[in-house]
Amino acid sequence: MLLHLHPDNPQPRNIKTIIECLRDGGLIIYPKDTIYGLGCDIFQHKAIERISLIKRIDPAKAQLSFICYDLSDLSNYTKSISTPLYRMLKTHLPGPYTFILPASKQVPKILKSKKDTIGLRVPDNTIARSIVKELGHPILSTSLPGDMVEEYTDPEMMHEGFKNLVDIVIDGGIGGILPSTVIDCTGEEWVVLRKGLGEWEAAG
């Protein structure tokens, strides 16, 4: 299903359809403040397995991130973090960043990396955040399979390519082509693992 959502005022009826789909273990393709993502409910094991099949990855080894509504989800899914780290996150989020943080016990086992970390994202995108807010907990996010980023900006083309693999493709307008900037915050120093759309000054 291709579902049109207004980028600034997503229609509540359509958000409800998406939430029902996620709770039933469905997969969605949805807009973020960077590139479009492939997502599901973090507590739906079968959905996570479906994403792993599409991407041909092992969930424990994959770069899967949590899309959160705001930093209030931090305490649920990450271990306690220092005040300077919290301040830095607050400065950069919502925004085009993925922060690698130590995972808490509440993170589903299937999603924990071998290093016991998770990627946390609060995108500056009303559609993505509205979905998470209504769902009541984060959704999983990963990039679409393959390297053809240019093909993943147009929701109609994505629908054509993935309609047999996912349940809903959300049309929230043309997507970006740059991914988020990934920063590992698990050590004493914060390290940029991938330079993306988000600006980053080394002096953390």
Side-chain angles (χ1 to χ4, degrees), residues 5-10 12 15 18-19 22 28 30-43 62-109 111-143 170 172-173 175-204:
L5 264 74
H6 192 282
D8 303 318
N9 299 297
I15 292 283
I18 294 160
I19 300 304
L22 290 168
I28 61 170
Y30 63 100
K32 303 194 298 285
D33 51 358
T34 52
I35 49 181
Y36 268 73
L38 174 64
C40 70
D41 185 326
I42 60 168
F43 296 116
Q63 290 181 314
L64 304 169
S65 323
F66 281 27
I67 299 282
C68 300
Y69 177 70
D70 59 20
L71 286 180
S72 63
D73 283 322
L74 263 186
S75 53
N76 290 332
Y77 304 106
T78 65
K79 289 178 181 159
S80 63
I81 58 173
S82 68
T83 306
L85 177 52
Y86 183 78
R87 281 201 194 114
M88 184 274 287
L89 295 173
K90 212 169 155 65
T91 309
H92 288 80
L93 297 173
Y97 302 89
T98 302
F99 292 104
I100 309 295
L101 298 163
S104 75
K105 289 193 169 69
Q106 280 177 264
V107 172
K109 275 207 178 75
L111 293 176
K112 280 191 191 179
S113 70
K114 293 273 193 297
K115 294 179 184 160
D116 218 9
T117 59
I118 62 157
L120 187 102
R121 250 186 85 22
V122 181
D124 190 7
N125 179 282
T126 306
I127 292 173
R129 292 179 74 212
S130 299
I131 293 167
V132 172
K133 191 177 186 187
E134 282 305 307
L135 186 63
H137 54 256
I139 56 174
L140 187 69
S141 179
T142 185
S143 56
I170 298 166
I177 56 169
L178 279 177
S180 63
T181 294
V182 181
I183 297 130
D184 185 344
C185 301
T186 55
E188 300 224 338
E189 294 199 354
W190 306 325
V191 181
V192 176
L193 300 183
R194 177 180 75 194
K195 181 76 184 78
L197 186 62
E199 290 296 323
W200 182 256
E201 295 300 324

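- Of the inter-residue distances, the one linking Ile67 atom CD1 with Arg121 atom CZ reads 5.0 Å to the nearest 0.5 angstrom.
- Note: Phe43 and Tyr77 have tilted aromatic rings, judged against thresholds of 30 and 60 degrees for the angle between ring planes.
- By the 4.5 Å heavy-atom criterion applied to side chains, Ser180 and Tyr97 are not counted as neighbours.
- At least one side-chain heavy atom of Leu22 sits under 4.5 Å from a side-chain heavy atom of Ile131.
- Both the sub-6.0 Å distance and the 45° axial angle are satisfied by Lys32 relative to the ring of Tyr30.
- Within a 6.0 Å sphere centred on NZ of Lys195, heavy atoms belonging to other residues, nucleotides or ligands number more than 12.
- Checking side-chain atoms of Ser104 against main-chain N and O of Asn76 turns up a donor-acceptor pair under 3.5 Å.
- Residues Asp116 and Val107 form no side-chain contact, since every pair of their non-hydrogen atoms from C-beta on lies 4.5 Å or further apart.
- Proximity of Asp73 to Phe66: side-chain heavy atoms (C-beta onward) are nowhere separated by under 4.5 Å.
- Atom OG1 of Thr181 and atom CD of Glu199 lie 7.5 Å apart (nearest 0.5 Å).
- Between the CG atom in Leu71 and the CG atom in Leu120 there is a gap of 7.0 Å [rounded to 0.5 Å].
- Between the side chain of Tyr36 and the backbone N or O of Gly172, at least one donor-acceptor pair lies under 3.5 Å.
- Contact between Thr186 and Asp184 at its shortest, heavy atoms only, is OG1-OD1, 2.5 Å.
- Atoms CD1 and CD1, from Ile127 and Ile18 in turn, are 7.5 Å apart once rounded to the nearest 0.5 Å.
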Requested in this report: Quick one: do Asp33 and Arg129 satisfy salt bridge (Lys or Arg N to Asp or Glu O under 4.0 Å)? Show the steps, please.
Outcome: CA-CA 10 Å; Asp33 51 358; Arg129 292 179 74 212; over 6 Å; no
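- Checked by atom type and distance alone, the side chain of Arg194 never pairs as donor or acceptor with a backbone atom of Ile183 at under 3.5 Å.
- Atom CD1 of Ile28 and atom OG of Ser141 lie 9.0 Å apart (nearest 0.5 Å).
- Side chains of Pro179 and Thr34 form no contact here, defined as non-hydrogen atoms less than 4.5 Å apart.
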